[in-house]
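Following: one structure in structure tokens, then a few remarks.
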Amino acid sequence: MNRFEDQAVPGVRRLRPYQPGKPIEELERELGIRNIIKLASNENPLGPGERVRDVLVAQFEELARYPDGNGFALKQRIAARHGVDMAQITLGNGSSDPLEFVVRALVQPGDEVIFSAHAFAMYPIVTRAAGGTPVVTPARDWGHDLDAMLAAVTPRTRVIFIANPNNPTGTWLDARHLRGFLEGLPGHVVAVVDEAYFEYASAPAMGLDGYPDATRWLADFPNLMVTRTFSKAFGLAGLRVGYGLSHPDLADLMNRIRPPFNVNSLALAAAAAALDDEAHLAESIAVNVAGMRQLEAGFRSLGLDYIPSAGNFISVRVADSALPVYEALLRAGIIVRPVENYDMPGYLRITVGLENENRRCLDALASILA
Ligand SMILES: *Cc1c(COP(=O)(O)O)cnc(C)c1O
């Protein structure tokens with residue numbers, strides 16, 4: 001036991017930290033090899049667009065100053081984009097921030113937070129850290145079982161997390177089911193709809209019939225919060241910026257616990273520029289759709305089962321235990337993500353990369369599994 005373990009609050013004692021994808025530099029150090037590709041953290045393989053580069057260079061002059069703690073300019077852009085009031089926005093150092101703030105604002109020890117099996121790992125972490133009780137509902141076909149989630153609501157439920165699409169399964173919910181769920185949810189429970197992969201899932205080329213934009217429903221449901229991020233399709237994971245949209249009263253609570261300068265000035269400027277760069281977003285989406293089809297076709301020809309995904313990643317079943325395959329891929333210089341911590345021991349989650357990266361990954365899988 002470590003020195004402070006028995007002094008830690010109970011939720012922290014039981015907490016298992018988030019496991020990020022292995023950084024490229026770490027694998028370079030370990031194996032002494034070059035040419036490593038990372039398909040492990042659902043990052044945009046194109047990187048950020050040129051407009052972001054330009055504003056970051058310009059922003060250099062301002063680095064000695066604190067950022068705008070209210071993020072006025074970025075909030076103005078976000079408000080216009082979604083047709084919401086600026087008072088409904090909570091900016092975050094990544095969308096992880098609002099996902100955490102909502103729990104810290106609403107959940108006390110003994111309160112319950114509902115999420116699905118195989119759902120995003122931040123949900124149990126923020127729940128336990130706040131002393132809340134996680135209530136995990138079983139999945140249906142790898143996705144959220146909304147009936148089971150509704151049935152799990154008790155007077156002590158404060159928050160329900162719904163990732164649409166979900167990471168790491170890539171499963172998604174259509175408008176009719178999700179809206180029906182919100183209509184049935186009692187007002188004392190806040191539904192958090194995590195739309196980290198919205199730009200990918202909503203692209204017409206992805207072909208998801210009825211994939212909803214939950215931000216359109218904010219006026220109908222005061223207990224709805226929707227999160228978005230710049231980490232995925234916008235290519236800014238390293239800068240850490242995202243946001244929550246909610247009823248202004250909930251945003252007010254979250255902004256009380258938000259650290260004053262949680263979004264830095266480079267991130268504020270880059271996020272605004274990224275929102276304006278529709279060409280780069282369109283290209284990112286096109287690369288993803290093509291890469292997704294490439295990976296699916298490759299898995300099929302290898303005879304591997306995969307879970308059809310609405311995001312920029314796909315979970316594929318490679319063995320009863322995927323870890324040896326994960327490690328063999330590492331030795332080939334390819335970093336993917338084992339998901340045994342999501343109760344999916346036979347699966348690897350592979351981020352959609354550039355055409356040649358996907359090809360390298362499929363070729364390596366073919367020779368490892370041969
Ligand atoms: C990547 C991801 C996020 C975004 O995290 P950031 O803190 O915005 O980088 C949120 N939810 C899910 C389900 C994700 O996969």
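Keep in mind that the numbers below use all heavy atoms, side chains included, and drop hydrogens, waters and symmetry copies. Nothing fancy with the numbering, it's 1 onward along the sequence. Order of appearance sets the numbers: ligands from 1, and atoms from 1 within every ligand.
Set against the non-hydrogen atoms of Arg240, the atoms of ligand 1 under 4.0 Å away are 6 (P), 7 (O), 9 (O). Set against the non-hydrogen atoms of Ala196, the atoms of ligand 1 under 4.0 Å away are 2 (C), 3 (C), 10 (C), 11 (N), 12 (C), 14 (C). Near Asn167, with a cut-off below 4.0 Å to any heavy atom, the atoms of ligand 1 are 13 (C), 14 (C), 15 (O). Set against the non-hydrogen atoms of Ser231, the atoms of ligand 1 under 4.0 Å away are 6 (P), 8 (O), 9 (O). Of all atoms in ligand 1, numbered sequentially from 1 with element shown, those under 4.0 Å from a heavy atom of Gly94 are 6 (P), 7 (O), 8 (O).
Using a 4.0 Å cut-off between charged nitrogen and carboxylate oxygen, Arg179 and Glu183 count as a salt-bridge pair. Residues Glu327 and Arg331 are not paired through a salt bridge, judged by the lack of any N-O separation under 4.0 Å between the basic side chain and the carboxylate. In this structure, Asp194 does not pair ionically with Arg228, as no charged nitrogen and carboxylate oxygen lie closer than 4.0 Å. Between Arg140 and Asp147 there is a salt bridge, since at least one side-chain N of the basic residue sits less than 4.0 Å from a carboxylate O of the acidic one. Ion pairing of Glu357 with Arg360 is absent here, as no side-chain N (NZ or NE/NH1/NH2) approaches a carboxylate O to less than 4.0 Å.
When hydrogens are left out, the protein atom nearest atom 11 (N) of ligand 1 is Asp194 OD2, 2.6 Å; that is the closest non-hydrogen contact. Closest to atom 7 (O) of ligand 1 among all protein heavy atoms lies Ser96 OG, 2.5 Å. In this structure, atom 1 (C) of ligand 1 lies nearest to the protein heavy atom Lys232 NZ, 1.2 Å.
Taking the six-membered ring where the residue is Trp, the centroids of His118 and Tyr347 are separated by 6.0 Å or more.
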Next item on the list: Test Tyr197 against Asn164 for side-chain hydrogen bond (donor to acceptor under 3.5 Å, both in side chains), laying out the working first.
Entry: CA-CA 8 Å; Tyr197 301 94; Asn164 197 30; over 6 Å; no
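Of the candidates Tyr243, Phe161, Tyr197, the one placing a heavy atom closest to atom 15 (O) of ligand 1 is Tyr197.
Checked by distance only, ligand 1 and Ser95 come closer than 3.5 Å through their nitrogen or oxygen atoms. Residue contacts with ligand 1: Thr229 is placed with a nitrogen or oxygen under 3.5 Å of a nitrogen or oxygen of the ligand (distance criterion only). Residue Asn42 places no N or O, backbone or side chain, under 3.5 Å from any N or O of ligand 1.
Using a 4.0 angstrom heavy-atom cutoff, Met122 does not count as in contact with ligand 1.
A tilted orientation is assigned to the rings of Phe230 and Phe234, their planes being inclined by 30° to 60°.
Taken together through direct or relayed side-chain contacts under 4.5 Å among Ile, Leu, Val, Met, Phe, Trp and Tyr, Val263 and Val55 form parts of separate hydrophobic clusters.
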